[in-house]
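Below is one structure, written out as structure tokens; comments come after it.
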Amino acid sequence: MCYGVKARTEMSLRMARSRGDAATAERLRQLLEPPEVFDLHFANAFDHPRLVLFTDTAPREPGLFTWGLVPGWVKGDAQRVELWNRTLNARGETIFDKPAFRAAAKHRRAIVYVEGFYEHFHFGKKAYPHFIRLKDREAFALAALWEEWTDRESNMLWRTFSIVTTEANALMRRIHNKPGSEGPRMPLILAEGEEEQWLAPLHSTHGEAALKALIKPFPEEAMQAWSVKPLLGKEGKGNRAGASDEFDYPELALAGPLAHGG
DNA sequence: CCAGACGTTGTT
DNA sequence: GTCTGG
DNA sequence: CCAGACGTTGTT
DNA sequence: GTCTGG
């Protein structure tokens, strides 16, 4: 789930200014110089982009983290490579139980602002990429977990993260309809009022229960989706401006309406 | 007890 | 580090 | 989507 | 050829 996200430098800077202050935004701008963030970041076994995260330990100090969480108990670099393809996402239902995520779920939560994300709609044996966003918010927060891990051999520090997922709502079930796949998922989208709750220390709230209450599908009526050009391959639009531009596939008219207001 | 896993999703 | 499976 | 397996018995 | 794993 979450084939890719749109998280542009410009939008990250804007969120840094709104959450933090001018100095924080300036530090972030220097971190991102030259701007290296485009319209689409892939999340798959071959691609581990760095994105801007706001963490619980420094909610006003955004940092760059690599997608694919590396737990603290990882023994060496080979194990890191083996594991992090499989920790791009964390199932919200089990983050407090799984050895890979438990510590992060308790003490290292974060949010990442995106303008939307990408999924494939399957119709007539073909896959049609779609862009999904919120109708009335230019950028919104996805719930994440983060870790820091140091490779003892190279002394290299890895700051990594995983995007939390939850059950898909009706819109996401219609889009993310890969035949044979079971239990469709969507990223955990936080409403504006939920962002600080997700970042708050456990002891300051009603503990795990308060966090678990946030782990639920986002209301579908607040979301919209449209089809976009192929993201990969010869005609691929990935990691370039315009990846999220609407592109109409005539044959999809037969599939019926997919999205609200898309 | 020790060895081995530790995880999720999907189409270049 | 901690849990699971053999 | 592509790459690679595609099988069985059985324990130092 | 078809299924599985990545």
Using whole Å, report how far CD of A/Glu147 lies from P of C/dG1.
13 Å

Which nucleotide, B/dT11, C/dG1, B/dT8, lies nearest any side-chain atom of A/Lys75?
C/dG1

Within 45° cone and under 6.0 Å: A/Lys106 NZ/CZ vs A/Phe96 ring
no

Can you check whether A/Arg102 has a side-chain N or O nearer than 4.0 Å to OP1 or OP2 of C/dC3?
yes

C/dG6 and D/dG10, which share atom name C1', separated by this distance in whole Å
15 Å

Give me the distance, rounded to whole Å, that separates D/dC1 from B/dT12 when you measure between the P atoms they each carry.
6 Å

Nucleotide B/dT11, atom P - distance to OH of A/Tyr118 in whole Å
14 Å

Cation over ring face, A/Arg19 and A/Phe54, 6.0 Å, 45°:
yes

List the steps, then state whether side chain to side chain contact (heavy atoms under 4.5 Å, CB included) holds for A/Leu53 with A/Trp67.
CA-CA 10 Å; A/Leu53 262 70; A/Trp67 202 341; over 6 Å; no

Return the value, rounded to whole Å, for the distance between atom CH2 of A/Trp67 and atom P of B/dT8.
15 Å

Taking A/Glu115 first and then A/Arg133, would you say they form a salt bridge - that is, a charged N and a carboxylate O separated by under 4.0 Å?
no

How many Å lie between CZ on A/Arg80 and P on B/dC6, as a whole number?
19 Å

Between B/dC6, B/dT11, B/dT8, which nucleotide gets closest to the side-chain atoms of A/Pro99?
B/dC6

Using the rule that two of Ile, Leu, Val, Met, Phe, Trp, Tyr join whenever any of their side-chain heavy atoms come within less than 4.5 Å, decide whether A/Val81 and A/Trp149 are in one cluster.
no

Selected nucleotide, minimal atom distance to A/Leu83 side chain, candidates B/dT8, B/dC6, B/dT11
B/dC6

Using purine N1 to pyrimidine N3 plus N6-O4 or O6-N4 for Watson-Crick, or N1-O2 and O6-N3 for G-U wobble, both under 3.5 Å, which nucleotide pairs with D/dG7?
none

If I take atom NE2 in residue A/His122 and atom C1' in nucleotide B/dT11, what distance separates them, rounded to the nearest angstrom?
7 Å

Nearest whole angstrom, please: distance from the C1' of C/dC3 to the NZ of A/Lys98.
11 Å

Could you please name the option among B/dT11, B/dT8, B/dC6 that lies closest to any side-chain atom of A/Gln79?
B/dC6

Just name whichever nucleotide pairs with D/dC2, Watson-Crick or G-U, keeping both distances under 3.5 Å, else none.
E/dG5

Whole Å only: how far is the CZ atom of A/Phe96 from the C1' atom of C/dC3?
18 Å

P-based separation of D/dT8 from E/dT4 [nearest Å]:
14 Å

Would you mind reading off the distance between A/Glu119 atom CD and B/dT11 atom C1', rounded to a whole angstrom?
12 Å

Out of B/dT11, B/dT8, B/dC6, which nucleotide sits closest to the side chain of A/Thr165?
B/dT8

Under 5.5 Å between ring centres and under 30° between planes: does that hold for A/Trp73 against the base of B/dC6?
yes

